[in-house]
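Okay, structure first, notes after.
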Amino acid sequence: MSFASHDRPGCFGNSFRSIAVAALVTAVGMVTTAQAKLWSPQVLSNGAVNIVKYNAATTPSTLDMQTVVGVALPAAGFFVSGMEFTPDGRLWTLMQGTPGSMMQGLYTINFVTGAATQVGPPLGLAPNEILTDLTWNPKTHRMSAMATTSSGGLTSRILDLDINTGAVTNARTVNSTVNVLHVAMTADPNGSYFFVDIFNNWLSELNGGDAMWLGSLFGFNANLNCGLGTEFQGANAGRIWMTAYNQNLNTPSQSRSGLYQVDPNSGSPGFWVTLPGGSSTIYSDVTVQPVVNSCPADFTLDSEVADSDFVVFAGQYEALDCASASMPAGCSADLNFDGLVDDTDFVLFAGAYETLICP
Ligand SMILES: [Ca+2]
Ligand SMILES: [Ca+2]
């Protein structure tokens with residue numbers, strides 16, 4: 001068994017082809033629904049991995065499985081340990097394998113064919129580190145990966161990734177007062193990080209540089225494969241989903257994977273539904289599919305992209321980095337979701353400005 005990790009891809013140049021890209025981005029954007037559309041990596045006992053899409057009903061116990069696609073893994077022994085959307089609807093996965101292996105990392109994935117393409121090796125990964133989970137941080141507009149040694153310890157690391165190159169743009173150490181093994185991570189709408197540790201079965205939140213205990217997660221034997229995913233949009237923004245495997249040591253046939261909803265205040269997991277596939281099927285992560293904004297360059301929300309939007313753009317362009325303290329809230333002008341407001345975004349903005357009226 002193992003965990004998960006990731007890195008990410010990107011695909012932007014900075015010239016004229018962006019007019020076409022602008023049209024694409026304009027067609028993509030964000031909104032919300034009560035019924036969460038969830039995606040998970042499904043790990044089978046023979047090592048095969050699928051990505052699956054399912055609808056979690058507004059009340060527990062029902063599940064609408066919609067799509068199952070086989071994933072082309074980079075090598076035997078690898079699996080998808082993390083999965084996350086960027087707000088423009090692109091799906092990213094984190095491959096985990098041999099500790100230190102540079103085949104671990106961020107991949108783009110085609111959810112029609114299952115083809116997975118590595119964005120780039122996770123630079124700076126220590127020889128004994130694995131990447132156990134991937135999360136979108138809506139504050140920094142970066143994908144973040146959890147890096148830990150496979151034996152856990154008093155520290156782990158959060159790596160912020162450039163989705164265009166897979167390069168680590170920022171690495172920070174997470175300190176714990178006892179030995180932990182962080183197998184799951186998510187960020188809430190404010191950009192705060194939450195972790196699941198399987199040595200102690202608890203949920204913690206990053207505070208300064210420390211993982212602070214929030215509550216105990218499980219009433220059963222947790223195991224290595226676990227995932228967290230946050231809803232960032234709509235009435236349920238901030239809701240945290242979790243996939244976890246309940247291993248029944250006494251009656252293995254009764255082991256099962258389940259979908260839970262985690263209370264970020266208490267750490268309490270609310271059981272939602274059993275996930276299909278039987279007692280040996282593991283769901284290593286969960287992510288919520290975003291509703292894409294059809295007019296992302298309309299920062300002022302008046303249904304057109306005009307001079308007032310340019311003023312907003314210019315202010316964010318000046319600040320450049322979504323993670324900087326001077327960046328206006330939301331970093332809305334990062335139209336390609338790569339953590340920066342730069343010339344690439346300006347080309348996208350210019351295309352929308354020229355169109356003026358939102359679709
Ligand atoms: Ca506007
Ligand atoms: Ca950008």
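Whatever order the structure lists them in is the order used to number ligands and atoms, beginning at 1. Count residues from 1 along the sequence. The structure displayed is predicted, hence computed values, not measured ones. Note: hydrogens, waters and symmetry copies are ignored here, and every other heavy atom, side chains too, is used.
Between R142 and D338 there is no salt bridge, since no side-chain N of the basic residue sits under 4.0 Å from a carboxylate O of the acidic one.
Using modelled atom types, one finds no donor on one side chain facing an acceptor on the other under 3.5 Å when comparing Y54 with Q66. Judged by distance alone, the side chains of Q289 and W39 do bring a donor and an acceptor atom under 3.5 Å apart.
When each of P328, S332, C331 is tested with V341 by the rule side chain to side chain contact (heavy atoms under 4.5 Å, CB included), just one qualifies, namely C331. The one candidate from P138, P189, S192, P264 that meets the side chain to side chain contact (heavy atoms under 4.5 Å, CB included) condition with T230 is P189. The only option from H182, R172, E129 that meets the side chain to side chain donor-acceptor pair (under 3.5 Å) definition with S156 turns out to be H182.
In terms of distance to the Ca ion (ligand 1), the nearest N, O or S atom of D302 is named OD1. For D334, the N, O or S atom with the smallest separation from the Ca ion (ligand 2) is OD1. The Ca ion (ligand 1) is closest to atom OD1 of D298 (considering only N, O or S atoms). Of all N/O/S atoms in E304, O sits nearest the Ca ion (ligand 1).
For the Ca ion (ligand 2), the N/O/S atoms of N336 include one lying under 3.0 Å. Within the 3.0 Å limit, L340 places at least one N, O or S atom next to the Ca ion (ligand 2). Among the backbone and side-chain atoms of S303, none of the N, O or S atoms lies under 3.0 Å from the Ca ion (ligand 1). The Ca ion (ligand 2) has an N, O or S atom of D338 inside 3.0 Å of it.
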